[in-house]
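Input: a single structure, listed below in structure tokens.
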Amino acid sequence: MTATSDRARVERYDPSEIEPRWQRRWDELRLHSTDLSNGSRRRYYLLTMYPYPSGDIHIGHWYIKTPTDAIARYRRMHGDNVFLPIGFDAFGLPAENAAIARRVNPREWTMSNIDNMRRQLRSMGATFDWDAEVVTCDPDYYRWNQWFFLQFLKAGLAYRANSAVDWCPNDGTLAREQVEGADRHCWRCGAKVEKRDLDQWYLRVTKYADELLDFSGIEFPDPVRIQQTNWIGRSEGGEIVFATAPSDHHPGGDEIRVFTTRPDTLFGATFMVLAPEHPLVERLTALDRRAEVEAYVAQAVTETEIERLSTEREKTGVPIGADAINPVNGERIPIFVADYVLAGYGTGAIMAVPAHDERDYAFAERFGLPIRRVVAAPGSEDEPLDSAYVAHSAGEVLVNSGEFSGLPADEGGRRIVDWLARDGRAKAAVTYRLRDWLISRQRYWGTPIPVIHCERCGIVPVPEADLPVLLPDTVDYAGSGVNPLTRDEAFLNVACPSCDGPARRETDTMDTFIDSSWYWYRYLSPHKADGPIDDDMVESWTPVEQYTGGAEHAVMHLLYAREFTKMMRDLGLVQQNEPWKRVFNQGQILGADGERMSKSRGNVQDPDELVRRYGADTVRLFLMFMGPWDQGGPWSGSGIGGVHRFLNRVWTITLDPHGREPGDADAGILPAGEDDAAARAQVRAAAHRTLRAVTEDYERFHFNTMVARLMELTNTLFRYRGTPIAGGAEWKEAVRLLLFMLAPAAPHITEELWERLGPPPGKPWASIHAHRWPKVDEVAAAEATREVPVQVNGKLRDKVTVATGIDQAELEALVLARDKVRAALAGRAPDRIIHAGGGRLVNIVVR
RNA sequence: GCCGAAGUGGCGGAAUGGCAGACGCGGCCGACUUAAAAUCGGCUGCCCGCAAGGGCGUCAGGGUUCGAAUCCCUGCUUCGGCACCA
């Protein structure tokens, strides 16, 4: 072999030729179809959030899906039986918007989008098991939503209630989690959310509030765990019973229950506030107050709540002309109705303690109500208050609190509750912010709720044998957003299953978050016709080992799914308490302008175009290389050329080890001071040290440093290219290790190069992706010498290269003899010499 | 306001108690080329200096430590979440 470039004889790296070819080949070999019944290998269920079929796969999908695929391939190389399914979250609003705007059928719109997205997903070269695909708008899927609903109904976990619900003018009702921001807008369309009184279906998820606070057995990212904890919002305190006082229009004696976290402040209650929706408002309001109270309540209830935009908003409210009696001291205190008290939290009524609550303080100031301090640090009892004193520090005592005065605040609070509890006027109580899950939606494109309204029998569940309740295929929106089911006589009219009389179907459909609350169980038996899930499969494959997806659903999907699994468990359908063992949230890729990518902003990055230009392997690797996976950030394609160059260099060292570049003065020459044997050892050491580090990076999903280390190894090999050791046994070993390490991340180029290298003599070809992950040769990776940084008083002054096993005394002597060290010491004798981290560093301390 | 995450070269980032800036982008210089592209090699935190070398440097200020980007306290900025939750 002459020492000239073989470039002319070596084909160029052409991903557009390689990638489709290997994707077809993998399909033919059924490399990605998981044998779910195979229990001989460790099962590894790797789940990634299924996409909404908006029409196009965008770069954000690549950002979550391709590293997930790298995990799948990495686990397979460890012998695991990996299941990586994919499907589509196919119900939901955009299909209806398209239908209304463009007069297309929602199903057709959705299915054609899915076709396009299947093609795009395949271009990633990901190992999705398409045999397990689930599409939620398929009746074979949504019938089981209906089946679950009927089971929940039987078990008392689903119920219908009339209450004030959050109402979006476009989307109809919303669950509480789907109302966002201080201005209370819809999570999906951004419209301002109103309140309406409606009969709606709920799932009784508050039953699980305490259990949902327990995250043992699942590894969630901390921010998600904290968000869920805050969302569930457990508060401990007491429920106190106040009685109404007799007056000229009312006999008194009605009970008003309030929830408080501060029973220690009970003596400071100087008025009471009921929420506008509180059931006692109407009954207690004095005749001469009626007109004003009704006007206030009417306004508060219909208010779009835009007025609440500012938290600085002045408190409003009106007195209802009745008093309550404070149970601790018999004092009469006036009752107000005010919208700063929420109907849905606690009991919808509060005792107001203006001295120790900011909101009550503001209200008292505005209405000239008394403010009485009942908690103080000792000695400051008489200090005047110019704002609510809410601080909670040790040593506070009760003041102005009758026989409880002088007690520490915490203890005083407990004693007050205990004392009132003796005759049933108080009890310890816990309240949650979490509400039951409102699942009714006034939309066509969702799962019909399987109940029938009969004039004689009331609400009658659809018999299980009649499932699914099919969505009609033809749909006429008549140009408006009103649910077309409400006009569809063929759908509406039905015989009552109970009395056979005329009846009407429920026209509400289910929140699409129902669909996504159990889809990974269905992946395990997507075609099962006699039940939603296959018990054996679920038993052996779930909880899911690893779930990957965005954090934007922290208190929506990620909470609903936990609730759903607990409901399924209570029905005996699954054994586990939690759906997944580990959840990882990747970051979000923003547009180049730092804003969310959206067609309207024109900042969307099209992955198809990048794939055409660089190939899927480059795009995959670039997304992994950009930065930490959980970080995301604004899109910038400026570094993608560097990643593409890296793959070209891998190509070159694999196929053309003896080539030399004319621009390199040192081409073909070993580094100074290295003989053949030393160079061979260097190459092996570099490869095995890289393997050690890269293995660790894969385990921890640190893909950016994984790629960086492979680049380093490639640069090292490039340095030895064209030298006498290139192409030798050690070189070949290093190249093979490089290809193995790169294979999960860049599957096509590594498969191609692996094939071109050819199988070992006498062995048939096998995919690189079926190869076992290599083992580190610790002897080869060991270092013979090490460079030790030398500090004087913590400042770097010199570096010495020593044998790895050198003992401390020897090292010290060596270091102290160095010119630079002696200069830095300037004749002073060392006080201490620190040997850090097993000889990693020496620090000489001198006064 | 409350909860959370984060602030490191021109840029993406690395280092989570021990050599700050790995790796890549960008930039500069060079090789190859008639030329350009591609490719290859070198340099590239800031300041002083011809150089050797020195000083400064991880949002700001303080602290702990032989030693701090990393731990603690105070403050600032950016991003995400919550929205009168009694």
Side-chain angles (χ1 to χ4, degrees), chain A residues 5 7 12 179-184 221-227 229-231 233 235 237 258-262 265 273 308-309 311-313 315 338-342 344-353 356-360 362-363 431-433 551-552 554-555 588 590 594 622 625-628 630-631 633-634 636-643 645-646 648-649 652 659-667 702 704-712 714-715 718-719 721 787-796 798-799 820 831-837 840-846:
Chain A
S5 175
R7 177 73 38 93
R12 285 178 43 117
V179 180
E180 295 183 337
D183 60 343
R184 301 178 51 76
D222 281 354
V224 172
R225 207 193 62 237
I226 291 162
Q227 260 191 77
T229 300
N230 292 343
W231 187 263
S235 288
V258 304
F259 174 74
T260 180
T261 55
R262 294 290 305 275
T265 64
V273 185
R308 293 190 174 183
L309 228 167
T311 42
E312 306 302 313
R313 185 177 83 123
K315 295 270 181 293
D339 66 2
Y340 82 92
V341 172
L342 308 175
Y345 184 77
T347 61
I350 62 158
M351 64 174 203
V353 185
H356 304 292
D357 182 277
E358 284 172 20
R359 297 149 301 181
D360 298 344
F363 193 87
T431 341
Y432 303 89
R433 229 184 74 119
E552 66 272 17
V555 294
Q588 198 176 19
L590 304 170
F622 176 60
F625 183 57
M626 275 175 54
D630 58 4
Q631 192 174 296
S636 161
S638 68
I640 195 168
V643 171
R645 251 191 300 283
F646 160 61
N648 266 304
R649 285 160 71 85
T652 302
R660 293 181 193 171
E661 298 302 320
D664 182 359
D666 293 331
H702 289 184
N704 57 330
T705 50
M706 176 274 289
V707 176
R709 292 183 213 277
L710 295 182
M711 285 174 166
E712 279 182 286
T714 301
N715 292 344
F718 223 99
R719 174 65 190 81
R721 179 171 170 248
E787 193 179 54
V788 180
V790 184
Q791 298 180 335
V792 176
N793 286 341
K795 237 176 183 3
L796 182 70
D798 200 4
K799 290 178 186 182
K820 286 180 183 173
D831 285 331
R832 281 172 73 185
I833 297 179
I834 312 267
H835 292 262
R840 266 211 311 280
L841 174 142
V842 174
N843 187 14
I844 303 165
V845 185
V846 67

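Within every chain, numbering begins at 1; the chains are lettered A, B, ... in the order of the sequence lines, protein sequences first and strands thereafter. Values below: all heavy atoms of this structure, side chains included; hydrogens, waters and symmetry mates excluded.
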(request) Starting at the 5' end of nucleotides 51-59 of chain B, put B wherever the base has a protein heavy atom under 4.0 Å, S where only the sugar-phosphate does, and a dash everywhere else. (result) ----SS---
(request) Using a 4.0 Å cut-off on protein heavy atoms (strictly under), produce a 5'-to-3' string for nucleotides 11-21 of chain B with B for base contact, S for backbone-only sugar-phosphate contact, and - for none. (result) -BSS---BB--
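Considering only side-chain N and O atoms, A:S235 lies under 4.0 angstrom from the phosphate OP1 or OP2 of B:A86.
For the side chain to side chain donor-acceptor pair (under 3.5 Å) test, no residue two or more places apart in sequence or in another chain qualifies with A:N704. Residues forming a side chain to side chain donor-acceptor pair (under 3.5 Å) with A:R719 (at least two apart in sequence, or on another chain): none. Looking at residues two or more places apart in sequence or on another chain, you find a side chain to side chain donor-acceptor pair (under 3.5 Å) between A:Y432 and A:D210, A:R234. In this structure A:P634 satisfies the side chain to side chain contact (heavy atoms under 4.5 Å, CB included) test with no other residue, sequence neighbours excluded. A:R709 meets the side chain to side chain contact (heavy atoms under 4.5 Å, CB included) test with A:T690, A:A693, A:V694, A:D697, A:T705, A:E712; sequence neighbours excluded. Listed by chain and residue number, A:L213, A:F215 satisfy the side chain to side chain contact (heavy atoms under 4.5 Å, CB included) test with A:T229 (two or more places apart in sequence, or in another chain). With sequence neighbours left out, the side chain to side chain contact (heavy atoms under 4.5 Å, CB included) criterion links A:E787 to A:K799, A:T801. With sequence neighbours left out, A:N648 forms a side chain to side chain donor-acceptor pair (under 3.5 Å) with no residue at all.
Within the nucleic acid shown, A:R649 comes within 4.0 Å of sugar-phosphate atoms alone, with no base atom in reach, counting heavy atoms only. Nucleic acid contact for A:D222: none, since no nucleic acid atom lies under 4.0 Å from a heavy atom of the residue.
Nearest nucleotide to the side chain of A:L342, out of B:C84, B:G41, B:C23: B:C84. Ranking B:C82, B:C23, B:C66 by closeness to the A:V845 side chain, first place goes to B:C66. Closest to the side chain of A:A708, from the set B:A86, B:C84, B:A22, is B:A22.
With C1' as the reference atom, B:C66 and B:G53 are 26 Å apart, rounded to whole Å.
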Expected rows: protein N/O vs nucleotides 28-38 of chain B N/O, under 3.5 Å:
{"residue": "B:G30", "atom": "N2", "partner": "A:G663", "partner atom": "O", "Å": "3.3"}
{"residue": "B:A31", "atom": "O2'", "partner": "A:P662", "partner atom": "O", "Å": "3.2"}

What nitrogen or oxygen pairs link the protein and nucleotides 8-10 of chain B at under 3.5 Å?
none

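Look at CG on A:D831: it is 12 Å from P on B:C66, rounded to the nearest Å.
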